[in-house]
Peer 1: 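Got a structure for you, written out below as structure tokens; questions coming shortly.
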Amino acid sequence: MASEGLFSGDPSNVARWAGLVGVLLALAAGAVLVTFLSRGHGWRASPAGRWTLLAGIVCLPSMTLFLGTAVGYERLPQSCMQACHTMDPWISDLLNPKSKNLAAMHWKHRWVNENPCYTCHTGYGLAGNIRAKIGGLGHVWHQVTGTVPAEIKLHGEYPMATCLHCHGETLGFRKAEAHNDPEAKGAILSGATSCFECHPPPHPRKDS
Amino acid sequence: MSSSLPNGPDGPGPLPPSLVPERPTRRLEIGRSRHVVSAACLLTLLSVGVALAHFLVPTPLLFALLMSVGNGAYALALVLYVAVVLTDLRRRRVL
């Protein structure tokens with residue numbers, strides 16, 4: 001049974017083996033690079049030195065980082081937000097069936113089927129993903145330095161286009177009287193009027 | 001010295017490579033390439049170190065560091081390495 005467990009195709013077991021291989025590759029890459037750096041310029045310029053450099057910079061580290069990324073994604077919880085204490089209050093509200101906040105309503109009714117944080121907090125398309133990654137670095141900084149603000153604050157204003165991406169063409173949106181006033185409709189569609197002026201806030205305050 | 005060199009129909013032939021004086025700019029290029037290669041190695045060591053830390057202590061924070069600092073440093077190292085290789089190939093007139 002132990003051998004079955006050791007060599008099973010279970011993703012967590014594969015991740016454990018991949019992690020072990022990654023450690024060996026990382027150590028090998030480090031040893032190769034230190035060897036290269038400790039040798040003289042004559043040896044570095046020789047064919048042996050050039051092949052060593054190719055292995056040390058291209059072959060071994062690329063496999064190491066690939067395995068690191070794969071293992072990291074496998075080991076992460078379903079939502080990386082749940083892994084940070086910072087997000088506990090908002091995750092609690094999101095999962096609270098009695099909450100009337102917009103995020104909780106979206107999750108409760110599965111209007112957003114999976115990855116609720118990511119779906120509403122990234123712009124659509126490749127540029128949106130890249131901007132979210134860059135913004136995530138700021139979150140890491142706040143988490144590490146303990147400077148997490150008491151209230152969720154977005155960098156800039158929340159783009160109403162994200163809401164309209166899903167809701168803009170729905171029957172419910174088009175039938176709502178407030179959305180049909182020509183002036184109001186134009187302001188909503190252009191993003192000049194925020195959805196949250198009439199609808200409940202998406203999240204509670206951290207200290208509430 | 002020139003008497004020992006082979007003469008062509010239009011005068012003395014080209015000097016053998018060992019006797020051709022090295023251009024100062026070439027020496028400068030080689031010296032710069034050495035520094036760039038060392039920088040690429042150090043950046044790769046940094047990224048591999050972050051990856052190793054992530055393998056040993058798999059926390060979300062270290063994974064975030066791997067995906068940002070680790071991958072960023074490695075991408076820069078690869079760019080430097082490719083730049084040095086291309087420079088070397090151009091110097092050898094392969095490209």
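Treat the numbers as computed from the prediction; the structure is a model and nothing was measured.
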Peer 1: As an exercise: rank B:Val85, B:Asp88, B:Leu56, B:Leu62 by heavy-atom pairs under 4.5 Å with chain A and give me the winner.
Peer 2: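 With the most close heavy-atom pairs to chain A, the winner is B:Asp88.
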Peer 1: Can you list everything that forms a ring pair (Phe, Tyr, Trp, His ring centres under 6.0 Å) with A:His106? Sequence neighbours excluded, please.
Peer 2: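 For A:His106 the ring pair (Phe, Tyr, Trp, His ring centres under 6.0 Å) partners, ignoring immediate neighbours, are A:Trp111, A:His167.
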Peer 1: Against chain B, work out which of A:Leu67, A:Leu33, A:Val71 has the most heavy-atom pairs shorter than 4.5 Å and name it.
Peer 2: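 Maximum pair count with chain B is reached by A:Leu33.
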Peer 1: Listed by chain and number, what are the side-chain contact (heavy atoms from CB on, under 4.5 Å) partners of A:Thr145, not counting sequence neighbours?
Peer 2: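 With sequence neighbours excluded, A:Thr145 shows a side-chain contact (heavy atoms from CB on, under 4.5 Å) to A:Trp141, A:Thr147, given in chain and number order.
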Peer 1: For the CZ atom on A:Phe66, are there more than 12 heavy atoms of other groups (residues, nucleotides or ligands in this structure) within a distance under 6.0 Å?
Peer 2: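 Not more than 12 within 6.0 Å, no.
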Peer 1: Using a 6.0 Å cut-off, check whether atom NZ of A:Lys108 has over 12 heavy atoms from anything other than its own residue.
Peer 2: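 Atom NZ in A:Lys108 is crowded, with more than 12 foreign heavy atoms closer than 6.0 Å.
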Peer 1: Looking at A:Thr64 and B:Ala51, what are the two nearest heavy atoms and their distance?
Peer 2: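 Looking at all heavy atoms of both residues, the closest pair is CG2-CB, 3.9 Å.
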Peer 1: Quick one about B:Ser33 and A:Arg44 (side-chain donor to acceptor, distance below 3.5 Å, no hydrogens or angles considered), yes or no?
Peer 2: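 Checked: A:Arg44/B:Ser33 side chains show no N/O donor-acceptor pair below 3.5 Å.
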Peer 1: Taking heavy atoms only and a threshold strictly under 4.5 Å, list by residue number the residues of residues 73-81 of chain B that touch chain A; give 'none' if the list is empty.
Peer 2: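 Result: B:Tyr74, B:Leu78, B:Tyr81.
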Peer 1: Would you say B:Ser47 and A:Leu65 make side-chain contact, with heavy atoms under 4.5 Å?
Peer 2: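 Counting from C-beta outward, B:Ser47 and A:Leu65 do come under 4.5 Å.
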Peer 1: How would you list, by chain and number, every residue that makes a side-chain contact (heavy atoms from CB on, under 4.5 Å) with B:Ser68, sequence neighbours excluded?
Peer 2: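 side-chain contact (heavy atoms from CB on, under 4.5 Å) list for B:Ser68, sorted by chain: A:Leu137.
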Peer 1: Is any side-chain heavy atom of B:Thr44 closer than 4.5 Å to a side-chain heavy atom of A:Leu60?
Peer 2: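 In short, these two side chains do not touch, never coming nearer than 4.5 Å.
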Peer 1: In terms of heavy-atom pairs under 4.5 Å with chain B, which of A:Leu27, A:Val34, A:Leu54 leads?
Peer 2: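 With the most close heavy-atom pairs to chain B, the winner is A:Leu54.
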Peer 1: Closest heavy-atom contact between A:Ile57 and B:Ala40?
Peer 2: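 Looking at all heavy atoms of both residues, the shortest contact is CD1-CB, 3.8 Å.
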Peer 1: For the residue pair A:Leu25 and B:Val48, establish whether any side-chain heavy-atom pair is separated by less than 4.5 Å.
Peer 2: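 They are not in side-chain contact.
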Peer 1: Give, as side chain, backbone, both or neither, the part of A:Leu20 having an atom under 4.5 angstrom from any heavy atom of chain B.
Peer 2: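 It is neither, since no heavy atom gets under 4.5 Å.
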Peer 1: Non-hydrogen atoms of chain A under 4.5 Å away: do they reach the side chain of B:Leu45, the backbone, both or neither?
Peer 2: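 Answer is both: backbone and side chain atoms of B:Leu45 are under 4.5 Å from chain A.
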Peer 1: To check you understand the geometry: which heavy-atom pair defines the closest contact between A:Tyr73 and B:Phe63, and what is its length?
Peer 2: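 Looks like N-CZ, 3.8 Å.
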Peer 1: Evaluate whether atom CZ of A:Arg50 has more than 12 neighbouring non-hydrogen atoms of other residues, nucleotides or ligands under 6.0 angstrom away.
Peer 2: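 Yes, the 6.0 Å shell around CZ holds more than 12 heavy atoms from other groups.
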Peer 1: Relative to chain B, which segment of A:Val58 carries a heavy atom at a distance below 4.5 Å: side chain, backbone, both, or neither?
Peer 2: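 Looking at A:Val58, backbone and side chain both touch chain B.
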